[in-house]
Colleague: 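So that we are looking at the same thing, I have put the structure below in C-alpha cells.
Just so you know, residue 1 is the first one in the sequence shown, and it goes up from there.
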Amino acid sequence: MTDDPQGTSGGRAPERGDGHPRTPADGSQPFAAPTRTPRLVLGDPAAPTGSLDGAWWPRTDNLTTELHDLITALTTRLGATTRIAFDWNRLSLSQRGIDPSDGIEVTGPLPDQPLEVMYVFGAHNRRIRILVIPPATPADAAETQMRTAVSGAADHPKA
C-alpha cells in the first residue's frame, strides 16, 4: 500500500520519464530503484497542516534496512533527505542501513518528539512527520492506523 507521493514543486528530483525520480550518477539520493515498495501513506500536501504528514508500516523491526526505500519514496515531496530523527530500537542501531556516504544524519528523537513518530528532514529544515506502525501489527489494524494518521484525526501532539 503506497500513496501517490506527489509533492510540492520545491525540491523535486529529476524524473526518468516514467514519473519516478532518476538516480543521480554519483549514487546519491534518490537511491536506486527500491528493493521493495514501502508500505507508506502520505497525506495531501495541500491539506491544512496537521500533526502528521504520513504513516509507514515497515516489514521488519530493523527499520534501517528499509530506509533507502522510504527516503526514495519521500524524495518527490521532500527533496534530498538530510536528517532522520527517531527513537531507534536496539536492532536498528546495531545494523544501520544508512552509511556516512549517504549524507544523512541519523539521530535519536528530538525533545518533545513523540516516540512513534519519525521526523525526516530535507533542505532548509523542511520536515515530514511519519507515524511508524509496528511491523507485527495485523494488516487491517495497520491500514486503519495509517488512514487515520493522514486524515488528521490522529491524536498526536504537533511538534
Side-chain angles (χ1 to χ4, degrees), residues 1-13 19-21 29-31 33-93 95-98 104-159:
M1 138 192 339
T2 59
D3 185 26
D4 179 14
Q6 295 299 314
T8 59
S9 60
R12 292 192 84 134
H20 292 90
Q29 301 171 47
F31 299 106
T35 55
R36 295 184 90 174
T37 302
R39 299 184 296 191
L40 174 69
V41 175
L42 296 172
D44 182 351
T49 303
S51 61
L52 294 169
D53 301 300
W56 176 43
W57 182 30
R59 291 176 171 81
T60 175
D61 285 324
N62 183 1
L63 304 181
T64 58
T65 62
E66 298 182 53
L67 278 181
H68 282 136
D69 294 344
L70 177 66
I71 290 165
T72 297
L74 295 175
T75 298
T76 57
R77 172 118 11 134
L78 188 62
T81 296
T82 59
R83 179 170 50 133
I84 301 173
F86 189 63
D87 185 28
W88 304 98
N89 62 32
R90 189 175 308 215
L91 179 62
S92 295
L93 289 172
Q95 299 181 6
R96 271 187 54 186
I98 295 292
I104 301 169
E105 180 184 4
V106 178
T107 68
L110 302 178
D112 300 323
Q113 177 179 346
L115 298 181
E116 69 279 1
V117 177
M118 179 179 283
Y119 290 173
V120 183
F121 293 88
H124 310 293
N125 223 22
R126 290 180 59 198
R127 175 181 68 184
I128 292 180
R129 296 154 303 199
I130 299 174
L131 175 67
V132 178
I133 310 293
T137 304
D140 57 341
E143 184 171 343
T144 298
Q145 289 176 39
M146 293 172 83
R147 296 290 174 199
T148 300
V150 297
S151 72
D155 187 20
H156 292 280
K158 188 174 184 176

Colleague: Nearest 0.5 Å, please: how far is CG in D53 from CD1 in I128?
Modeller: 6.0 Å
Colleague: Does any non-hydrogen side-chain atom of N125 lie less than 4.5 Å from one of R83?
Modeller: yes
Colleague: Is the closest side-chain heavy-atom distance between T137 and W57 below 4.5 Å?
Modeller: yes
Colleague: Can you sort out the partners of T144 under side-chain contact (heavy atoms from CB on, under 4.5 Å), two or more places apart, ordered by chain and number?
Modeller: T148
Colleague: L52 and side chain to side chain contact (heavy atoms under 4.5 Å, CB included): which single residue from L42, V150, L131 fits?
Modeller: L131
Colleague: Identify, with sequence neighbours excluded, every residue that meets side-chain contact (heavy atoms from CB on, under 4.5 Å) alongside D140.
Modeller: P138
Colleague: Has the side chain of Q145 got a donor or acceptor atom that lies under 3.5 Å from a matching backbone atom of A142?
Modeller: no
Colleague: Please name the pair of heavy atoms, one in G108 and one in A85, separated by the smallest distance, quoted to 0.1 Å.
Modeller: O-CB, 3.5 Å
Colleague: For I84 and I71: C-alpha separation, side-chain torsions, deciding distance, then whether side-chain contact (heavy atoms from CB on, under 4.5 Å) applies.
Modeller: CA-CA 10 Å; I84 301 173; I71 290 165; 3.9 Å; yes
Colleague: Not counting sequence neighbours, which residues clear side chain to side chain donor-acceptor pair (under 3.5 Å) with N89? List them please.
Modeller: S92
Colleague: Please examine the side chains of I130 and V117, heavy atoms only from C-beta on, and report whether any two atoms are closer than 4.5 Å.
Modeller: no
Colleague: Strictly by modelled atom types, are T60 and N62 linked by a side-chain donor-acceptor pair under 3.5 Å?
Modeller: no
Colleague: Atom OG1 of T81 and atom CZ of R126: how far apart are they, to the nearest 0.5 Å?
Modeller: 10.5 Å
Colleague: Is any side-chain heavy atom of I104 less than 4.5 Å from a side-chain heavy atom of T82?
Modeller: no
Colleague: How about W88 and M118: do any of their side-chain heavy atoms sit closer than 4.5 Å?
Modeller: yes
Colleague: Excluding sequence neighbours, so at least two apart, what forms side-chain contact (heavy atoms from CB on, under 4.5 Å) with P58?
Modeller: W56, L63, E66, V132, P135
Colleague: Whether R127 engages the ring of Y119 as a cation-pi pair (distance to the six-membered ring centre under 6.0 angstrom, angle to the ring normal within 45°) should be assessed.
Modeller: yes
Colleague: How close do R39 and M146 get, counting heavy atoms only, and between which atoms?
Modeller: O-CE, 3.3 Å
